[in-house]
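From a predicted model like this one, the values you see are computed outputs, not experimental measurements. Every chain is numbered from 1, with letters handed out A, B, ... down the list of sequences.
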Protein chains: 2
Amino acid sequence: MLSEAVQDYLKAIYKLSRAPETGRMVSTTLIAERMGVSAASATNMIKRLAEMNILEHRPYQGVELTPSGIHMALEIVRHHRLLELYLRQALGYDWDAVDAEADRLEHAISEDFEDRIDEALGFPTVGAHGEPIPTKEGNIAETDYARLSELTAGQRACIRQVSDRDPELLRYLDQHGLVLGTEIRIAEKAPFSGPMRLDVGASGEQHIGLEVAEAIYVDVLE
Amino acid sequence: MLSEAVQDYLKAIYKLSRAPETGRMVSTTLIAERMGVSAASATNMIKRLAEMNILEHRPYQGVELTPSGIHMALEIVRHHRLLELYLRQALGYDWDAVDAEADRLEHAISEDFEDRIDEALGFPTVGAHGEPIPTKEGNIAETDYARLSELTAGQRACIRQVSDRDPELLRYLDQHGLVLGTEIRIAEKAPFSGPMRLDVGASGEQHIGLEVAEAIYVDVLE
DNA sequence: AAATGAATTTAGCCTATGCTAAACATTTAG
DNA sequence: CTAAATGTTTAGCATAGGCTAAATTCATTT
């Protein structure tokens, strides 16, 4: 069994390695920041993770998950996303609160528990923020969403996923009707991915900033 | 926040101090056994718990929880019992499986989570095995049940609580219809609390041994 | 009262995980 | 192309828990 700390590092590294900004190779500093520990502590743990064949460590370069490390990470992510969805659907948690609670619980649940909530949810394929849920076998659907910030005036799109990084941002989105499934149309956009004006579903017109537009992933409608 | 280890010790000590066999003063060895650690490790932790004002340690004598220690223990017990009941009622866990899963989860849940399952269950006052659930304020209902083993031939009784110590025993009870609320009548009993013959609710006659009879707590019916 | 045996504590060690300060490597700027 | 800035690792230390072996205390029995 992987310790909680190891699981937490693994999940963080997996997420960083999938972020479009970073790329597969993840730096020590980034990991340390994300985990809220010193760089020295991160190096320390990285060496242990390399020892366990979870990742490869090129000193001074960064870290890359092994296939087996990715597989382990996907199990953790599956637990997390199923829990988030369960908290939302079965216990009425708000969009922005599920991540923190799932972080606490994810280390504690058994396979049996996972199977039961999976069934109670009807074997869902996407999580509370639209992220794909890895299968029990460790497969995860590839998504091909555009960032809202990349669209241009006149385009229409449907919200498919949102970043769960910032609870405050999630509250903002919720209050402005920018939830999964909402259809939007770009009414006007400043050059260089600046702020944009949107027509949002039934709820009317919104102005959003770049940060918000980058946290929203959409299917572009023809 | 108390560490998991501290919480586990505290819960174990609380339970031991409530067991009729032991009495308020609990010995190091008993704690070590229950926790599955060496006596030296138990001593070690006991000193830390005393440091934290959770209990008083009379060296070579034993240990007694302070009022504040009891209060903390009751919070932990509340979490545990609410979780057990939730697992049973909401997720369909078997009687004998809830304890182990609740042990895993109880360290991980927030107050918010507790409140939500409390509400989802309709603010229950007894747990999955009939134990009283402490209130949020740290009060616990005193119960005054008899052990089935203490009854004599001819008496009738209603099952109110069962010991959750042994999952196998719980399976046995379940299979034989000896569940909460069942009415029984002692048909015949060997002297000195030996095995007994019972008429059990609608499901007919049972023979049970002493160990089983001691794990069942009942209200005696006039 | 002394001796034996059981229970308890102490001493000393181990691992996981964190930290700071110092050393080392890489990148960037002058 | 060297020097400063930045990023990374090493060294040494801390804390929480666990362990074994040895020492100590208590209880019991002669």
Please set out all donor-acceptor pairs under 3.5 angstrom arising from side-chain atoms of residues 39-51 of chain B, sequence neighbours excluded.
unit_1  : atom_1 : unit_2  : atom_2 : d
B:Ser41 : OG     : B:Ser38 : OG     : 3.0
B:Thr43 : OG1    : B:Ala39 : O      : 3.1

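- Qualifying side-chain contact (heavy atoms from CB on, under 4.5 Å) partners for B:Arg78, counting only residues two or more places apart in sequence or in other chains: B:Leu82, B:Glu114, B:Asp118, B:Ile133, B:Pro134, B:Lys136.
- Between the P atom of C:dT10 and the CE atom of B:Met45 lies a distance of 16 Å, rounded to the nearest Å.
- Here the closest heavy-atom approach between residue A:Leu87 and residue A:Val98 is recorded as CD1-O, 3.8 Å.
- Scored by the ring pair (Phe, Tyr, Trp, His ring centres under 6.0 Å) test, A:His176 finds A:Tyr172 as partners (sequence neighbours excluded).
- Taking only side-chain nitrogens and oxygens, B:Ser3 comes nearer than 4.0 Å to OP1 or OP2 of D:dG17.
- Between A:Glu4 atom CD and C:dG18 atom P the separation is 11 Å, expressed in whole Å.
- Atom CZ in B:Arg58 sits roughly 13 Å away from atom P in C:dT9 (whole-Å rounding).
- Closest approach of A:Tyr217 to A:Ser163, counting heavy atoms only: CE1-N, 4.4 Å.
- Atom-to-atom, CD1 of B:Ile31 to C1' of C:dT9 comes out at 14 Å; the value is rounded to the nearest Å.
- Within the structure, salt bridge (charged side-chain N to carboxylate O under 4.0 Å, His left out) contacts touching residues 4-19 of chain B (residues at least two apart or in different chains) are B:Lys11-B:Asp103, B:Lys11-B:Glu106.
- Note: CG (B:Leu10) to C1' (D:dA16) measures 17 Å, nearest angstrom.
- For A:Val220, the side-chain contact (heavy atoms from CB on, under 4.5 Å) test picks out A:Ala146, A:Leu151, A:Gln155, with sequence neighbours left out.
- Distance, B:Leu49 CG to C:dT9 P: 13 Å, rounded to whole Å.
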B/S/- along nucleotides 19-28 of chain D (protein heavy atoms under 4.0 Å) is BBB--BSS--

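- Map B:Ile46 and A:Met52 each onto its nearest nucleotide of DNA chain C; the residue landing nearer the 5' end is B:Ile46.
- Taking atom CG of A:Leu2 as the reference point, atom P of C:dA16 lies 13 Å away to the nearest angstrom.
- The distance between atom NZ of B:Lys47 and atom P of D:dA16, rounded to the nearest whole Å, is 14 Å.
- Counting any heavy atom pair closer than 4.0 Å across all strands shown, A:Thr28 reaches sugar-phosphate atoms only and no base atom.
- Residue A:Arg48 places none of its side-chain N or O atoms closer than 4.0 Å to OP1 or OP2 of C:dA16.
- Applying the 4.0 Å criterion to OP1 and OP2 of D:dG18, one finds that B:Tyr9 has a side-chain N or O inside that range.
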